[in-house]
**Q** 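Take this structure, written in structure tokens, and hold onto it; I'll ask about it next.
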Amino acid sequence: VQLQASGGGLVQAGGSLRLSCVVSERSFRITTMAWFRQAPGLEREFVAAFRWNEYYADSVKGRFTISRDNAKNTVYLQMNSLKPEDTAVYYCAGGNGVIVSTIRTGSAYAYWGQGTQVTVSS
């Protein structure tokens with residue numbers, strides 16, 4: 001299984017971007033999909049996850065939306081009202097058997113994409 005993330009770029013504060021993550025398996029059977037991010041000098045942090053319900057980090061709640069299109073084997077992250085502190089490399093991740101208590105933990109996910117850079121200028 002391979003995950004291919006795209007959609008990053010440079011945007012001004014207050015702007016929007018939509019990230020996409022395409023999963024390369026015939027049937028999109030991964031049960032939990034998530035987005036993480038890592039800013040320079042900082043640890044990777046959870047952003048959002050989709051497992052029947054949606055889960056968000058407090059820092060992005062109300063601004064970001066995760067969604068899934070099984071017909072296209074794709075997970076999206078719509079990012080609105082972007083802030084300079086959202087600047088990071090964004091990674092999509094997928095896992096089966098992820099329980100709610102670990103949904104915000106990177107080690108719970110077996111599959112990772114290569115990352116896409118998001119830069120928000122002030």
Side-chain angles (χ1 to χ4, degrees):
V1 177
Q2 293 184 330
L3 279 61
Q4 181 74 35
S6 63
L10 173 64
V11 64
Q12 289 187 333
S16 299
L17 282 174
R18 187 176 79 159
L19 305 184
S20 300
C21 177
V22 178
V23 179
S24 67
E25 61 172 356
R26 183 165 296 180
S27 61
F28 192 2
R29 295 170 294 180
I30 299 177
T31 56
T32 305
M33 294 297 298
W35 289 92
F36 288 78
R37 67 187 182 187
Q38 187 167 20
L42 299 179
E43 293 187 353
R44 182 180 60 192
E45 65 173 359
F46 169 79
V47 176
F50 189 101
R51 177 183 179 268
W52 295 301
N53 295 315
E54 298 169 25
Y55 301 84
Y56 296 96
D58 289 343
S59 60
V60 307
K61 199 173 296 183
R63 300 187 297 121
F64 291 11
T65 302
I66 188 171
S67 61
R68 174 175 177 150
D69 186 338
N70 290 337
K72 295 182 178 180
N73 283 19
T74 302
V75 174
Y76 302 99
L77 184 69
Q78 178 67 44
M79 306 186 294
N80 299 328
S81 301
L82 282 161
K83 304 175 181 180
E85 51 263 43
D86 295 318
T87 295
V89 177
Y90 284 70
Y91 299 90
C92 61
N96 294 314
V98 178
I99 59 177
V100 173
S101 62
T102 62
I103 206 165
R104 292 174 172 81
T105 305
S107 59
Y109 296 86
Y111 310 108
W112 289 84
Q114 84 289 2
T116 184
Q117 175 71 47
V118 172
T119 303
V120 184
S121 63
S122 57

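Keep in mind that what you see is a predicted model, and the values were worked out from it rather than measured.
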**Q** Nearest 0.5 Å, what's the CZ-CG distance between R51 and N96?
**A** 10.5 Å
**Q** For side chain to side chain contact (heavy atoms under 4.5 Å, CB included), just list the numbers for F50 and V75, CA-CA rounded to whole Å, side-chain angles, deciding distance to a tenth of an Å, and then say yes or no.
**A** CA-CA 9 Å; F50 189 101; V75 174; 5.7 Å; no
**Q** Excluding sequence neighbours, so at least two apart, what forms side-chain hydrogen bond (donor to acceptor under 3.5 Å, both in side chains) with E54?
**A** Y56
**Q** With rounding to the nearest 0.5 angstrom, report the CG to CE distance, L77 to M33.
**A** 11.5 Å
**Q** Has the side chain of Q38 got a donor or acceptor atom that lies under 3.5 Å from a matching backbone atom of A88?
**A** no
**Q** At their closest point, which heavy atom of T87 faces which heavy atom of A39, and how far apart are they?
**A** O-CB, 3.6 Å
**Q** Only pairs under 3.5 Å count here: list side-chain donor-acceptor contacts from residues 16-23, not counting sequence neighbours, and write none if there are none.
**A**
residue: S16; atom: OG; partner: N80; partner atom: OD1; Å: 2.9

**Q** How long is the span from the NZ atom in K83 to the OG atom in S122, to the nearest 0.5 Å?
**A** 14.0 Å
**Q** Go through the structure and list residues passing side-chain hydrogen bond (donor to acceptor under 3.5 Å, both in side chains) with Y76, not counting sequence neighbours.
**A** none
**Q** Quick check against the 3.5 Å criterion: does S24 have a side-chain atom that pairs as donor or acceptor with the backbone of Q2?
**A** yes
**Q** Below 4.0 angstrom, N of the basic side chain to O of the carboxylate: do D58 and K61 qualify?
**A** yes
**Q** Take T119 and Q117, measure what side chain to side chain donor-acceptor pair (under 3.5 Å) needs, and give me the verdict at the end.
**A** CA-CA 6 Å; T119 303; Q117 175 71 47; 3.3 Å; yes
**Q** What's the separation between atom OG1 in T31 and atom CZ in R68, rounded to the nearest 0.5 Å?
**A** 7.5 Å
**Q** Just to verify, what does N53 make a side-chain hydrogen bond (donor to acceptor under 3.5 Å, both in side chains) with, not counting sequence neighbours?
**A** none
**Q** Roughly how far, to the nearest 0.5 Å, is CE of M79 from OG1 of T65?
**A** 11.0 Å
**Q** Hydrophobic clusters join Ile, Leu, Val, Met, Phe, Trp and Tyr when side-chain heavy atoms are under 4.5 Å apart, directly or via other members; which others share one with W112?
**A** F36, F46, Y55, V89, Y91, V98, V100, I103, Y109
**Q** Can you name the side-chain hydrogen bond (donor to acceptor under 3.5 Å, both in side chains) partners of E45, sequence neighbours left out?
**A** R37
